[in-house]
There are 2 protein chains.
Amino acid sequence: MADQVTLADVARWAGVSVATASRALHGSVGRTVNPELRARVQAAAAELNYSPNANAQAVVRGTTTTVGLIVHDIADPSAAALAAGVMAAAATRNLIVTISSTLSDPLAEVRHVEALRRQRARAIVLAGSRFNDPESAGRLAEELLGYAVGGGHVAVVGQHRLPLNTIAIDNAGSARRLALTLADLGYRRAAVLSGPEAIATSEDRVSGFRAGLDQAGVTLDPDLVIAAPFTRDGGYVAMTELLDLGALDHDLTEAGADGSGHDRPSSGIDLVFAVNDVMAVGAVAALRDRGVRVPADVAVAGFDDISTLRDVRPALTTVRLPMQRIGADALELALGTTFDADADSAERGARVLTVAGDVVIRESTPARG
Amino acid sequence: MADQVTLADVARWAGVSVATASRALHGSVGRTVNPELRARVQAAAAELNYSPNANAQAVVRGTTTTVGLIVHDIADPSAAALAAGVMAAAATRNLIVTISSTLSDPLAEVRHVEALRRQRARAIVLAGSRFNDPESAGRLAEELLGYAVGGGHVAVVGQHRLPLNTIAIDNAGSARRLALTLADLGYRRAAVLSGPEAIATSEDRVSGFRAGLDQAGVTLDPDLVIAAPFTRDGGYVAMTELLDLGALDHDLTEAGADGSGHDRPSSGIDLVFAVNDVMAVGAVAALRDRGVRVPADVAVAGFDDISTLRDVRPALTTVRLPMQRIGADALELALGTTFDADADSAERGARVLTVAGDVVIRESTPARG
DNA sequence: CTGTTAGCGCCTTCAA
DNA sequence: TTGAAGGCGCTAACAG
């Protein structure tokens, strides 16, 4: 490995002092340098293939040009959209973005904050799905607060109930409105495909959905809430389980058997709500594989309004969340506020932005007669 | 902003020297430290909320624990999958991943490599789609080589024809095989929806596809190759343009007008190849909006086999690329080899892995009678 | 305008 | 085993 070229090398080669070289290359404030010397320094730098050491700069300047983003899984389209938003906002400020995925490991979340803190990242945007795990939650809070007290800027996407800038996504309220709308359309027997119990986002959507149904006078049978991984395959498996439970039996047997013209007796479900679009797509696939028609035999709704899924047919009823925008806002929010350890949340200016989703009704949940 | 706690603070608080504190916390090689002292130091660190300064460590150690990944657009599912692979591989080595999107700007690619180089990133995985722009290509090569000569580890995904570790994706060959397979199925008049001309990936797929058709004795009318952005909407727009060109006219008018029973005369196309799945989906949407049935009226094929699109119907014929695996391999490849400036490509051990895609025929391109 | 001189926070010889 | 001191690459006073 060839040795790194340092500023001293450049200065020597150009016949100036390191101070001059530094000023010529990066221009100290107020200071100016002779054009001819500067040209010489720049030529030397180019000649020697010099690359300034950002770490050394960070040490002396006490700050970096890096921001950190922590997400659940970058392969999740929703997280990718958020990341794109953060990166776009970062680009306008000439900042570099470091991304890490927690892959559903609460401790990974803590480790990543810790790492970002060591790097002296200028800001951290934490969008890892919240976990319902008290221990890791405590350590996370500690780490985050330690970072913030040290002058770090933070924004949390999804409520962590911490005295930090937050973009709260109203999962519960949005799911509630979705449920109300669907009840209005005539749906009366729903099943839910939820994510892992440890993920609060999923739980909020389920409880909000249930609240909405309650409000509409529709009850949700607890046996019809199936937990599974947050993925497409999770949706497929959960839906299959639901079918094996006989949740839809009237459609496949009774309706055909009695031929009475009464379809969908109260024993069978008429609607499946998956806590995210990806799971919903998996559910639709499972239904199709079993010969169940959507929405003729059963309706399906999701959550997120993932753009790459906007073209699946039947078009999916869902709740739209502007993730890219949220990502950009999160970074701005983080960077816009400084943390003062001696003030309480409000005085300190920790701000909370609440984002509600838009219910989008599409083909997968038509009005029922 | 509260001031940062330094190692000196911790040492003072624990009543030891900074040297001892350093060794207690990170354990220098060969050196060992009294258990009791170490406990005291660790207690002090915890008490003071100490966070080691990774930048300072990087300066003195001359290396970091960061790897950089450069992609076209992280919101592109294909890139996100690659990123997930890189991150997974990085996690096993305790490395942090910095991601940046070039957003189709060739100069951004150069800037990002430059930034990563300053950060003294331990490795760079460059997967930004290659641009057919000689100037930026030259600067990119210069920057990349400068980084490699300085001891940096690099892997390039997609051939850059540089003496660097490369994971070559056989876009042309794969597209060729796709074309051959489709010709075998009976397709005779194809149109192509390509990406921006500056992106080599797109061009390779187009030329490979054309070569395959040629080999099968089918010609591709140059007027039927439409360039558009690499996105879903790009696919939609390009397909609309194609329809406005009258590429499908026989289906919508002639076939109905003459009622001769000869459907699909040689004047109309029977197949549309979009250079990636996302564009293909946009194309299908455009067709649907115009009342054209897929595959009954025209067949559609894509490229990438994006997992979230695996459930769209009709299921899309495409070429499968194992992006996640490629990402992981790319990082391993980069980290596994050291660059020796005084050797040529082969001696130096710059390795080239070629990955071919698998042609996957699905409902969108059934055999034609 | 330029050069000299302190550091920045940390690790690592080198003595003790 | 511990501590003192030098140095990593760079910037920012401070003189000249």
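In what follows, every chain begins at residue 1, and chains take the letters A, B, ... in the order their sequences are listed.
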Inset, instruction - Using a strict cut-off of less than 4.0 Å between a Lys/Arg side-chain nitrogen and an Asp/Glu carboxylate oxygen, indicate whether Glu143(A) and Arg111(A) qualify as a salt bridge. - result: no
When rounded to whole Å, the CZ to C1' distance for the pair Arg118(B) and dC10(D) reads 13 Å
Here the distance between atom C1' of dG3(C) and atom CZ of Arg23(A), to the nearest Å, is 8 Å
Out of dC10(D), dC10(C), dT2(C), minimum distance to the side chain of Tyr50(B) belongs to dC10(C)
Q: Measure the shortest side-chain to side-chain distance between Thr66(B) and Thr66(A) over non-hydrogen atoms and say whether it is less than 4.5 angstrom.
A: no
So, OP1 or OP2 of dT4(C): does either fall under 4.0 Å of a side-chain N or O from Ser17(A)? no
For Val59(A), report the nucleic acid contact type (base, sugar-phosphate, nothing); a contact means any heavy atom under 4.0 Å.
base
Open item on the list: When you measure from the side-chain N and O atoms of Asn34(A) to the phosphate of dT2(C), is any distance below 4.0 Å, counting only OP1 and OP2?
Closed with: yes
Report yes if at least one side-chain N or O of Ser22(A) is closer than 4.0 Å to OP1 or OP2 of dT11(D); otherwise report no.
-> yes
In whole angstroms, the gap separating C1' of dG9(D) from CG of Asn53(B) amounts to 14 Å
note: Arg12(A), atom CZ; dG9(D), atom C1'; distance rounded to Å ~ 12 Å
(request) Classify the nucleic acid contact of Val60(B) as base, sugar-phosphate or nothing, counting any heavy atom under 4.0 Å across all strands shown. (result) base
Taken to the nearest whole Å, CZ/Arg40(B) to P/dT1(D) is 16 Å
Check: For Arg120(B) and Ser51(A), what are the C-alpha separation, side-chain angles and deciding distance, and is it a side chain to side chain donor-acceptor pair (under 3.5 Å)?
Finding: CA-CA 9 Å; Arg120(B) 300 295 187 265; Ser51(A) 169; 3.3 Å; yes
To the nearest angstrom, the CG-C1' distance between Asp9(A) and dC8(D) comes to 13 Å
Here the distance between atom C1' of dT11(D) and atom CG of Asn55(A), to the nearest Å, is 15 Å
* Is the number of heavy atoms from other residues, nucleotides or ligands within 6.0 Å of CZ (Arg161(A)) greater than 12? -> no
From the candidates dT1(D), dT2(C), dC10(C), the one with an atom nearest any side-chain atom of Thr6(B) is dC10(C)
If only side-chain N and O atoms of Gln57(B) are considered, is one of them under 4.0 Å from the OP1 or OP2 phosphate oxygen of dC11(C)? yes
When rounded to whole Å, the CZ to C1' distance for the pair Arg61(A) and dC8(C) reads 12 Å
Taking N and O atoms by type only, does the side chain of Arg120(B) place a donor or acceptor under 3.5 Å from a partner on the base of dG9(D)? no
Residue pair His26(A)/Ala19(B) against DNA chain D: nearer the 5' end by closest nucleotide is Ala19(B)
Determine, stepwise, if the pair Asn49(B) / Arg117(A) fulfils side chain to side chain donor-acceptor pair (under 3.5 Å). CA-CA 11 Å; Asn49(B) 218 310; Arg117(A) 205 183 151 192; 2.8 Å; yes
